[in-house]
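The block underneath contains the structure these notes are about, expressed in structure tokens.
In each ligand, atom 1 is the first atom listed, and ligand 1 is the first ligand listed.
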Amino acid sequence: MADRPVAIVTGASRGIGHGIALELAGLGYDLVINRARDEKPEVVQEAEALGASCEFVPGDVADAEARQRVVDAARNRFGRCDLLVNNAGTAPKQRLDILEATEESFDWVMGINLKGPYFLTQLVARWMVEQRKEDPDRPLRIVNVGSISAYTSSPARGEYCISKAGMAMMTKLYADRLAEFNINVIEISPGIIETDMTSAVKGKYDKLIGDGLTPIRRWGRPEDVAKAVAAVAEGRLDFSTGTVINVDGGFHLRRL
Ligand code: NAP
């Protein structure tokens, strides 16, 4: 087994996942880096420059064989997994009103954003339970990247909202089930973060943020989310499980 802790980060090629991978590399983690497409992303070299050993495993998290490849890569290369970060996610290909939206888009978004992380977590959790038996003390943790969409209605992308609401429940379920093994499960709930995912609606969100939608009047950055993951990875929340960390500029506050 490798000496350094190992993290699996899905969707680590761009945006929030890219920020998380580099933050973890800086904390001394070795990495299994996943993305959907086959091209090796620059983040591999960037993380290696920070001292991390990296295994790149392309594949669609909605696909069971791809999920198995991700976990096998961690086992074969490093022999351990201390942290799983379920970050890969997608918006619908087309924003369509809930009265027009298609089953095809529902299945596609739910497959990537909910079924994928749900069953990847199952695979990793089974392995973490084995690891716990071998080592009663080593911290083992799971982080799910959820969204303010778990509780905020956007009827033009209902399938996305439902997938993130499902992920919120998934965090509670695994937190409950895995607590006896001292495996902590935390949801990080980003607000509006500047990435490729939000680039198509940049003008709309520039205006909303400028008009005060979020108490902190700026876009979030991938590093904002990555720092919250780092807090978990550094063990700052080890008496918390099933917890939601809002990284949203205060969006979740109700205001009068
Ligand atoms: P992004 O910039 O669009 O990047 C998405 C990442 O996920 C890429 O690495 C992409 O890989 C990967 N990915 C997409 N589909 C995948 C699949 N089927 N299997 C494996 N990997 C896949 O997105 P982001 O904004 O960083 O979002 C990351 C996470 O944060 C998502 O779960 C998203 O729902 C959540 N989130 C984002 C925001 C926001 O405002 N941006 C807010 C709240 C929550 P490729 O590069 O190969 O395509």
Inset, instruction - Work out whether the distance between some heavy atom of T90 and some atom of ligand 1 is less than 4.0 Å. - result: no

Legend entry - Proximity flag H18 to ligand 1, non-hydrogen atoms under 4.0 Å: no

Inset, instruction - For atom CG of L208, decide whether the heavy atoms of other residues, nucleotides or ligands shown that lie under 6.0 angstrom number more than 12. - result: yes

Legend entry - Heavy atom of the protein closest to atom 31 (C) of ligand 1 (residue, atom name, distance): N87 O, 3.2 Å

Legend entry - Over all atoms of both residues, closest heavy-atom pair of I8 and V124: CD1-CG2, 4.2 Å

Only pairs under 3.5 Å count here: list side-chain donor-acceptor contacts from residues 11-22, not counting sequence neighbours, and write none if there are none.
residue, atom, partner, partner atom, Å
R14, NH1, D196, OD2, 2.8
H18, NE2, E46, OE1, 2.6

Inset, instruction - Run down the list G59, A62, G89 and name the one with the heavy atom closest to atom 14 (C) of ligand 1. - result: G89

Inset, instruction - Taking all heavy atoms of E39 and all of R35, pick out the closest pair and write down the distance. - result: O-NH1, 3.0 Å

Legend entry - Mutual orientation of the aromatic rings belonging to Y205 and W219 [parallel < 30°, tilted 30-60°, perpendicular > 60°]: perpendicular

Inset, instruction - Rounded to the nearest 0.5 Å, what's the gap from CD on E194 to NZ on K202? Could you check? - result: 5.0 Å

Legend entry - Taking atom 46 (O) of ligand 1 as the reference point, the nearest protein heavy atom with its distance: S13 OG, 2.6 Å

Inset, instruction - Could you name the option among I16, N34, V9, V247 that has the heavy atom nearest to atom 37 (C) of ligand 1? - result: I16

Inset, instruction - Within a distance under 4.0 Å of any heavy atom of D196, pick out the atoms of ligand 1 and give their elements. - result: 2 (O)

Inset, instruction - Give the atoms of ligand 1, by number and element, whose distance to some non-hydrogen atom of G15 is under 4.0 Å. - result: 2 (O), 26 (O)

Side-chain donor-acceptor pairs of residues 99-106 under 3.5 Å, sequence neighbours excluded:
residue, atom, partner, partner atom, Å
T102, OG1, S105, N, 3.1
S105, OG, E159, OE2, 2.6

Legend entry - Min N/O separation N113 to ligand 1 under 3.5 Å: no

Inset, instruction - Heavy-atom contacts with Y160 under 4.0 Å: which atoms of ligand 1 show up? List them by number with element. - result: 33 (C), 34 (O), 35 (C), 36 (N), 44 (C)

Inset, instruction - Using heavy-atom distances, let me know which of R14, E39, R35 sits nearest atom 48 (O) of ligand 1. - result: R14

Legend entry - Minimum-distance protein heavy atom relative to atom 12 (C) of ligand 1: G11 CA, 3.5 Å

Legend entry - ligand 1 contacted by G116 (non-hydrogen, < 4.0 Å): no

